[in-house]
Amino acid sequence: MRNLASYLFNIPNLVGIGENRKVYYITIDDNIICYISADINIFIKELLLYDNYMMHRPNNLDESQLIEFTEKFRKELLDLDKTAFLDENTYWSEICEEMEYGF
């Protein structure tokens, strides 16, 4: 049975804040919970950093340039939140992987 929010509002995924104040990404269809950030204030800063990077990403980067671009982003992200890459399945790990492929 699908989650009520997903059913009523056709919401495939959610961002939620746990009792521990950490931010999580939740995929409704398969109930996967993915760590995003240590708290909502840090998450907002991370989103602004990501937005800034993506707005200023040059076009037509080759593979090595994409990796370098993503590594710079990773370093800045870690300055904001040392736990951003706890494992390869965190939200930001997935985002960085997509950035390396040019998405």
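Here the structure is a predicted model, which means the values were calculated and not measured.
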Do D81 side-chain atoms and S37 backbone N/O form a donor-acceptor pair below 3.5 Å?
no
Just verifying a value: how many Å separate Y35 OH and L86 CG, rounded to the nearest 0.5 Å?
5.5 Å
How about M54 and M99: do any of their side-chain heavy atoms sit closer than 4.5 Å?
yes
Would you call E76-K45 a salt bridge at under 4.0 Å N-O?
no
Minimum side-chain heavy-atom gap E97-Y101 below 4.5 Å
yes
Return the minimal non-hydrogen interatomic distance between V15 and V23, and the atom names on each side.
CG1-CG1, 3.5 Å
Is there a continuous path of hydrophobic side-chain contacts, each under 4.5 Å between heavy atoms, that joins I40 to Y50?
yes
Verify the cluster assignment for L80 and L78: are they in a single hydrophobic cluster under the rule of side-chain heavy atoms below 4.5 Å apart?
yes
Answer yes or no: is there a side-chain heavy-atom contact under 4.5 Å between M55 and D51?
yes
Do Y53 and L48 belong to the same hydrophobic cluster, where Ile, Leu, Val, Met, Phe, Trp and Tyr are linked whenever their side-chain heavy atoms lie under 4.5 Å apart, directly or via other members?
yes
Shortest non-hydrogen contact between C34 and T90, atoms and distance:
SG-C, 3.4 Å
E94 side-chain N/O to Y91 backbone N/O, donor-acceptor pair under 3.5 Å
no
From CG (L66) to CZ (F103), nearest 0.5 Å
10.5 Å
Gap separating the CD1 atom of I95 from the CZ atom of R74, nearest 0.5 angstrom:
11.5 Å
Do you know the tightest heavy-atom contact between E46 and A84?
OE2-CB, 4.4 Å
Atom CG of residue position D30 - does it have more than 12 heavy atoms of other residues, nucleotides or ligands inside 6.0 Å?
yes
From CD1 (I26) to CG (N31), nearest 0.5 Å:
9.0 Å
Given side-chain hydrogen bond (donor to acceptor under 3.5 Å, both in side chains), test T70 with E100 step by step and report yes or no.
CA-CA 6 Å; T70 304; E100 287 177 344; 5.0 Å; no
Could you state the interatomic distance from CD1 (I67) to SG (C96), rounded to the nearest 0.5 Å?
12.0 Å
Atom pair CD1/OH of I17 and Y24 - distance to nearest 0.5 Å:
11.0 Å
Donor-acceptor contact below 3.5 Å, side chain T27 vs main chain N13
no
If every non-hydrogen atom of F73 is compared with every non-hydrogen atom of W92, which pair is closest and at what distance?
CZ-CZ3, 3.9 Å
